[in-house]
Amino acid sequence: MPLPKSFLQALIGVTFLLLSAAPAAAGVRAETPPPTKITKDGFDARYLLSGDWLQRRDPDDKGQKRRWFRQTSTSAWSEVKVPNAFNAGDPSEDSQRGSVTWYRKDFKAPSSKRGLDWVVRFESVRYRADVYLNGKLMNAHDGGYLPFEVKLSGVDPKRVNRLVVRVDNRRRETDLPPSRVTIEGVPGGGWWNYGGILADVYLRKVDRLDFGAPVVRPVLPCRTCPARVEYSVPVVNYGSKPLKTTVETSFGGQRLRLGRARTIRPGRTETFTGTLDVSTPRLWSPADPFLYPVSIQAKVGRRTLAGYSLKSGIRSVTVKNGRLQLNGLPANLRGGFMHLDQPGVGGAMTPEGQQAMINRLKSIGGTTLRTHYPFTPVMQELADRMGVLLWMEIPVYQIPSATLAKTAVRREALSALSQMVANSQNHPSVFTWSLGNELRPEPTFAEKRYFDQGTRLVKQLDPSRPVSIVIQGYPLSGAQSAYAPFDLIGVNSYFGWYPGPGGSIGDRDDLSDFLDTVRGWYPTKALMITEFGAEANRSGPAEERGTYEFQSELNDFHLATYATKPWLSGAIGMLQAFWCRPAWSGGNPRSQPPMHEKGVFDYQGNPKPGAQVLGDWFRRTQQFDLPEGG
Amino acid sequence: MRAIRLFLSSVFCLLLVAVPADAEYFPGETVDGPSPDIGALGGVALSRDSDGHVIYVKREAGANHVFVSFLAAGSPRQPRRLDTGQLTSSSQPRISSASKGRAVAVWVNGGSLWASVRPNGSSDWSAPEAVYSVTPTGDDVKNPSLSMGVSGAAHVAFEVGGDLRVARLSRAGWNLIDEPLDIERARTANDVDIRTSADGTALAAWSEAGHVYARRVLRTRLSQVPQEVGVPALDGRAAGAADSPSVDIEDDSSYAWVTVRQDFDGGSRVFARRLVGSELEPPVPIDTGTFGVAAPKLDMSGRGRGLAAVPIGGTNAVIGAPLNADNEWDPPQLIGGESDLPPAAVSTLAENGRGTIAWQTRDPAGAPQLVARHWNARRFEHPITISDPALGPVDAGAGIDAAADSFGNAVIAYVQGSGSARRVMVAVFDRAPRAVGGSNFDDWTRKRSFKLDWSRIDDPWGDIQYRVEVDGLPLTTTSRTSVIARDLPDGAHSYAIYAIDSRGQTSEGPDRALFVDGTAPTVEIVARRSRMRRPANIVLSAFDGEAIAGSGVKSVSIRYGDGGRQSLTVPRIGLVDEAKLGYRYRRPGRYTVRVEVRDVAGNRRVASARVVVSR
């Protein structure tokens with residue numbers, strides 16, 4: 001018997017209502033994101049989208065074919081807190097190899113006003129992200145560690161909107177870092193391949209005007225000179241009409257208008273520039289990390305359409321006579337290497353976890369942090385505030401020459417460099433831009449081309465910081481002219497730990513001569529030790545690799561050797577344990593894969609005896625304001 | 001039983017004779033002699049970068065003295081005396097080397113231990129320096145064991161007064177470690193063997209009152225956790241005394257192996273134990289389960305591969321035991337037959353995982369000879385006689401030693417001859433050059449000249465020459481890595497590169513192709529009177545030489561003269577054989593049919609014919 005037409009219409013209506021209401025999974029309902037800001041620097045009109053999300057694992061990668069991005073029901077989705085690394089705590093080979101996972105956030109727009117644009121900002125999604133809104137693909141992004149934004153078209157100001165992100169962290173040979181397979185045949189890599197939405201997500205409201213990446217660059221000609229603050233603020237008009245725009249700023253209470261009012265046509269960008277003098281600046285330094293509050297407003301008439309806030313520090317970082325200088329005087333930094341990795345959450349490190357990492361560094365007298373990729377916005381703000389210097393690097397990590405020879409790979413790397421500089425150059429804590437880590441020790445044309453292109457690009461974007469590269473400390477590699485464009489060279493120094501090619505770095509007694517040799521190779525470059533250390537996961541005989549005692553002795557030996565090199569600009573040891581890769585031993589005969597345990601703090605953050613050794617040396621080393629002569 | 005043994009021995013001897021010599025072993029060259037003054041061999045060293053040294057004792061001016069000969073590309077150079085200024089007899093010389101020419105030698109003179117060093121990049125040896133000076137009432141030094149690590153640090157361990165002492169050579173010079181190496185001073189310790197890792201750490205193993213111990217030497221101090229290598233039981237059999245340790249250590253000093261002989265109920269066994277960190281792993285027997293085996297000899301690469309030679313007591317047969325990865329032994333194999341001579345077997349393994357075991361046996365005429373088997377990382381190759389029977393019997397009692405570099409080359413040193421015909425000899429395993437293939441030219445081309453190029457082969461033992469053959473005929477022999485082959489006739493050709501090393505060993509690369517076609521295809525077009533709107537009477541044939549002489553017809557395009565055009569589909573065999581074109585003219589008249597034929601190489605031929613079309 002056919003159903004009556006009215007019944008069918010009612011059924012369709014009810015179904016539609018049910019679907020459009022999009023009830024979330026139990027406990028997760030569509031919410032209006034609050035105007036909360038985890039990081040203070042950035043756009044004023046931001047709403048925090050982190051928090052309760054839905055997640056659906058897709059190990060067979062069928063979600064796209066089955067159109068999960070259109071699914072309105074919440075069946076098969078589970079609740080998850082974002083930031084989230086979906087493979088945190090999973091040490092399997094599959095976990096390191098990567099897979100696909102979908103994330104979903106049902107939200108209501110914070111404003112129902114018509115005419116607004118909405119932008120979603122992801123501070124880190126690793127590695128590939130396809131972003132859908134209400135069933136439509138908005139954009140896609142590749143690359144794991146840098147913030148990116150996607151303009152959302154079709155945000156319904158009155159109903160629930162469905163933001164879906166497909167995250168794919170399966171590695172490719174051309175990714176940064178590239179996929180690797182170890183000689184044991186397991187997926188390799190220098191750290192764990194965490195996948196997911198690893199940092200905060202914001203929804204940004206755009207009322208016609210929006211900023212590009214504002215540059216606020218203090219220039220300090222000498223230690224006692226007045227500072228000049230250079231502004232370069234791109235403003236975009238997303239509206240449909242030309243807007244006569246003025247840009248005003250305040251630097252530590254000192255107000256400035258950047259040029260005259262200019263009319264920005266729809267879809268166009270105008271860059272507003274200006275300078276401001278600070279006659280008696282209070283300099284930023286690790287000992288006194290003084291920050292000036294900065295605000296920038298784009299106005300039409302008296303109405304502010306876009307605002308941006310940040311904290312700036314006045315300081316200079318230069319290389320002079322082969323020494324790194326902070327505020328005009330030589331520095332000899334001491335610090336720690338780390339990865340964003342925290343028990344329970346993996347690569348989706350919490351702000352508290354990042355704060356704890358800095359606390360550990362400070363507890364041993366360290367002033368510098370380094371990792372193989374750009375630090376999170378949270379870490380950059382913490383470092384600004386707590387007087388920590390950051391070595392900022394893109395994950396061009398041990399890329400074979402044949403891969404780097406590919407134009408597409410170099411283009412990806414250059415893009416990552418420019419994004420890193422654009423995102424982070426207002427932070428006083430960032431002291432160098434690094435093009436990568438441990439590429440081929442004897443560079444081929446591929447490395448040379450990358451070094452030339454990369455250094456040129458970075459110096460053009462930010463002439464105020466040294467550009468650097470990190471090399472393997474191998475005596476056999478010899479002096480390399482390919483490093484000529486760099487200001488600062490980091491040397492990873494594992495003498496006495498790894499044997500190196502043909503046993504060439506096996507004997508720690510060769511360290512001192514090697515360092516002098518490197519100095520001879522690059523007399524005008526600032527040289528830093530960017531990694532040293534030994535794995536340690538147990539107490540035992542000092543002669544046995546992998547014991548705390550061995551680690552302490554070797555670290556002590558290295559730091560004692562570094563102390564005899566007055567020309568050295570710094571030494572960065574290993575701060576804390578992290579997940580590395582399946583079958584990782586790292587030279588420890590009794591390793592505990594996937595744990596990388598060269599850090600002087602264990603994975604839970606407990607100090608090993610080696611922390612005391614680093615602490616003793618770090619605290620007794622004068623790291624800043626050294627005399628010019630050495 | 002005896003009959004079976006004799007049979008097996010005969011078969012083994014026949015095998016030695018019947019099998020042609022492996023091209024990579026070269027019979028010994030004389031280092032010194034013939035001379036009645038030749039004494040004992042001290043040893044041979046080959047650095048990873050292939051510099052070698054042989055050290056031995058020779059009588060001169062009424063006393064025994066220490067001589068060393070540098071091996072350039074495995075060939076001995078003029079020996080020189082090391083114990084200069086010492087008038088009394090020297091004995092027990094040992095030698096070891098690192099890279100860049102650095103080497104160290106020690107010997108005993110006047111009861112003291114002396115040393116000489118050859119620094120990096122120098123051909124001079126330092127004046128003798130006392131490492132351990134005997135006191136007037138003290139005991140003499142005996143049986144030193146010497147090892148220099150790849151980074152240049154060295155250790156010497158030796159017996160003195162029933163104890164074992166160790167001295168370390170660093171860039172600062174020799175440093176004698178105060179504390180004796182052995183566990184209890186009251187017991188007699190001997191049989192010490194020591195190896196130095198890339199990081200400057202050493203591992204020593206020795207016999208002490210029926211036990212074998214292993215202990216690290218960490219720069220100027222001894223390990224506080226010495227390990228006993230012998231076991232209380234093996235395969236359910238209670239153990240007795242252990243002795244004859246042989247050690248080697250990886251570049252990563254966390255990993256080392258010790259082989260020992262130990263008595264058990266039923267006879268002696270040989271097993272290996274890996275030292276990981278400061279703990280020994282369980283024993284791995286490397287004696288094929290045979291009882292009555294004797295002192296083993298072990299050599300390892302820096303990456304943890306190894307090769308052990310194990311003689312069997314009584315029968316004097318030889319077992320080879322390859323350590324295939326850093327903790328996996330391949331099944332040990334019987335590689336040398338029975339003999340009435342003690343084999344005095346030695347082993348050496350190169351960094352590339354290839355090695356040699358050499359030992360003494362009798363030749364068919366009954367004279368002692370030296371044979372070797374190459375371990376090619378998968379299996380032992382056929383045994384090869386490496387001593388020259390014409391030079392007399394091998395004197396294994398005077399010493400046999402072997403060493404390998406990182407490329408796969410090896411040297412085996414020994415003493416041969418008797419009376420006034422004694423010689424110090426060195427035979428080599430010269431790794432044949434790897435095969436090299438030239439660039440490919442897989443496509444037919446109109447050019448007749450080709451630049452053939454290939455990758456360079458590195459050989460630390462001399463330049464490689466490349467012989468280039470085209471179609472089996474020599475084109476040139478050159479040390480360059482490219483050559484131009486000119487004026488090749490039409491057709492398919494092949495060329496191959498033969499790499500020839502300084503000892504004349506040749507490796508043939510794979511055949512590469514060259515396809516030349518400089519001749520345009522031939523076209524025949526026959527047009528007969530035709531009628532409009534009917535298939536025209538035009539027949540086309542196009543050829544491009546016979547079979548492999550030409551590249552083949554690739555395309556045929558036709559213009560019929562009335563505006564009509566056609567491209568023929570050419571069969572894959574590359575020829576068009578009397579194809580009826582079947583074109584239909586719409587109007588009567590005289591037309592010129594033009595045909596353009598191209599071959600695969602790009603040669604072009606145009607032909608035309610006139611056709612009359614009637615109503």
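The structure presented is a predicted model; accordingly, all values stated were derived computationally and were not measured. The chains referred to below are lettered A, B, ... by the order of the sequence lines, with proteins before strands, and numbering in each begins at 1.
Between B/Glu228 and B/Arg273 no salt bridge is recorded (no basic side-chain N to carboxylate O distance below 4.0 Å). Ion pairing of B/Glu281 with B/Arg274 is present here, as a side-chain N (NZ or NE/NH1/NH2) and a carboxylate O approach within less than 4.0 Å.
Heavy atoms closer than 4.5 Å to chain B are found in both the backbone and the side chain of A/Arg508. Of the two parts of A/Asp513, only the side chain, counted from C-beta on, holds a non-hydrogen atom closer than 4.5 Å to a non-hydrogen atom of chain B. Heavy-atom distances place no part of B/Ser406 under 4.5 Å from chain A, backbone and side chain included.
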Item to complete: Report the C-alpha separation of A/Arg370 and A/Asn437 in whole Å, then their side-chain angles, then the decisive distance to 0.1 Å, and conclude whether the side-chain hydrogen bond (donor to acceptor under 3.5 Å, both in side chains) test is met.
Response: CA-CA 11 Å; A/Arg370 175 178 174 243; A/Asn437 178 73; 2.9 Å; yes
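Contacts between residues 167-177 of chain B and chain A, defined by a heavy-atom separation under 4.5 Å, are made by B/Arg168, B/Arg171.
With chain B as partner, the option from A/Asp510, A/Asn588, A/Thr547 having the largest number of non-hydrogen pairs under 4.5 angstrom is A/Asp510.
Using a 30° and 60° split on the angle between ring planes, A/Tyr397 and A/Trp191 fall in the perpendicular class, above 60°.
Every residue two or more places apart in sequence or in another chain that forms a salt bridge (Lys or Arg N to Asp or Glu O under 4.0 Å) with B/Arg48 is listed here: B/Asp251, B/Glu351.
Ring-centre distance between A/Phe495 and A/Phe514: below the 6.0 Å cut-off.
Note: B/Met148 CE to B/Ser47 OG = 11.0 Å, rounded to the nearest 0.5 Å.
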